[in-house]
Amino acid sequence: MSGIESFNPVTPQGLSIANLFLGVMVLSALIFLLVAGLLTYILMRYRGRPGDPDPPPVHGNRNLEIAWTVAPALILVALFILTLRTMNTVNATVPEALRIRVIGHQWWWEFHYPDRDVVTANEMHVPVGAPVLLEVEAADVIHSFWVPKLGWKKDAVPGRTNPMSVQFDQAGVYDGPCTEYCGLQHAWMRIRVVAEAPDQFEAWIEQQRRPAPERPASDRALRGQKLFLRNTCVNCHAVRGTAAAARIGPDLTHFGGRSTLGAGVALNTPENLRRWVRGVQGVKPGALMPNYAELPDDDLAALVEYLGGLK
Ligand code: CUA
């Protein structure tokens, strides 16, 4: 993940911006070279030498003045037209686009597919080659949604919905950060976009729509489920298919299928999940979740087995 990726985007919208940037850059470089070159030449060629007489006074040159007014005006008009073309490409919406609400929270991202009944966090799946409409919002403070491979970014502002039309033309996994300082864990508010073939995407959607199994596979996970439902976990988290339905923190219905936890702060392994539940404030200081430091070891193990099993 780096800013350079913005110049090599995988979306037609980003490509249009990158091309405009490149065009403006080349034009500016040419003008700079012309001006600096002429200036250098004139300084050398016409510099004063000892014994030179005073130069004759000059009172303007109408043709030159018209030329250096009209030429920049024409260049600006051309840039304006090119910019309008890029804006039209970037802002064009497609009515049948897949809608995804992208909601920035301190400090994680919620992805809600309103027409497909899917809610997930931090990892967004999209079909390759299909138009997608991101509706970028914020739940608390201003965040900014930036996946460099998209080619541009969009601010997430409380009380507003900022539309962002995208189309991923290449399959892949694209990472990005939040790029608007939003508090202590601004750095750990990572985004992962998985762009995959349409049938793979549909399979993912079908799997995400399913509620969690009513009865977990193992006895230990069943104990973990009871602990989860009995503890304050349910004040913030939802696991569809159980009584847990809070919308403050990330939806955990398919938590075990995500590759990281804490919006990218650690890989989603049982060991890291144990560290997270026991002492989240050591792993991600300031995260809006309390430590469960008093939890006995075997309870913690049961809870971790339950959550990790929610694939
Ligand atoms: Cu969210 Cu920075």
Side-chain angles (χ1 to χ4, degrees), residues 1-7 9-11 13-14 17 90 99-114 118-126 132-166 168 173-195 235-238 246-252 254-255 258-268 272-273 275-277 279-291:
M1 177 178 72
S2 78
I4 294 297
E5 293 177 359
S6 288
F7 300 111
V10 294
T11 66
Q13 294 88 355
I17 295 175
V90 173
R99 280 171 59 216
I100 307 176
R101 287 177 65 207
V102 173
I103 305 162
H105 295 258
Q106 283 173 317
W107 291 280
W108 58 284
W109 294 93
E110 178 180 349
F111 299 119
H112 181 195
Y113 299 64
V118 165
V119 178
T120 185
N122 303 323
E123 290 180 25
M124 179 176 94
H125 286 238
V126 292
V132 175
L133 178 65
L134 304 178
E135 298 173 337
V136 183
E137 306 164 29
D140 34 41
V141 299
I142 302 178
H143 306 273
S144 192
F145 182 82
W146 187 41
V147 177
K149 271 290 192 184
L150 278 176
W152 83 115
K153 61 180 184 170
K154 203 67 139 180
D155 277 358
V157 181
R160 277 191 63 97
T161 300
N162 287 332
M164 186 179 191
S165 292
V166 302
F168 286 85
V173 177
Y174 307 112
D175 287 349
C178 173
T179 50
E180 180 72 46
Y181 180 67
C182 55
L184 200 55
Q185 291 299 334
H186 162 65
W188 288 115
M189 195 168 157
R190 297 295 169 89
I191 304 152
R192 175 159 288 174
V193 179
V194 180
N235 291 356
C236 294
H237 293 289
R247 288 258 158 264
I248 313 281
D251 185 298
L252 299 179
H254 298 285
F255 167 78
R258 303 207 275 264
S259 54
T260 69
L261 52 83
V265 77
L267 287 176
N268 190 0
N272 285 338
L273 185 55
R275 284 202 302 136
W276 176 272
V277 175
V280 57
Q281 294 304 321
V283 182
K284 192 172 176 179
L288 303 183
M289 173 169 160
N291 288 343

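Indexing begins at 1, ligand by ligand and atom by atom, following the structure's order. Sequence positions, counted from 1, serve as the residue numbers for this chain.
Taking atom 2 (Cu) of ligand 1 as reference, H186 places its N/O/S atom ND1 nearest. Counting just the N/O/S atoms of E180, the one with the shortest distance to atom 2 (Cu) of ligand 1 is named O.
Residues S144 and K153 approach most closely at OG-CD, 3.9 Å, considering heavy atoms.
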Problem set entry | Step-by-step side-chain contact (heavy atoms from CB on, under 4.5 Å) determination, F111 to V126 | CA-CA 11 Å; F111 299 119; V126 292; over 6 Å; no
Exercise. For K149 and V193, what are the C-alpha separation, side-chain angles and deciding distance, and is it a side-chain contact (heavy atoms from CB on, under 4.5 Å)?
Worked result: CA-CA 10 Å; K149 271 290 192 184; V193 179; over 6 Å; no
For this session: Walk me through it: do S165 and Q13 pass the test side chain to side chain donor-acceptor pair (under 3.5 Å)?
Result: CA-CA 8 Å; S165 292; Q13 294 88 355; 5.5 Å; no
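Take atom 1 (Cu) of ligand 1 as the corner point: the lines to SG of C178 and to ND1 of H143 open at 120°, to the nearest 10 degrees. Rounded to the nearest 10 degrees, the angle SG (C182) to atom 1 (Cu) of ligand 1 to SD (M189) equals 110°.
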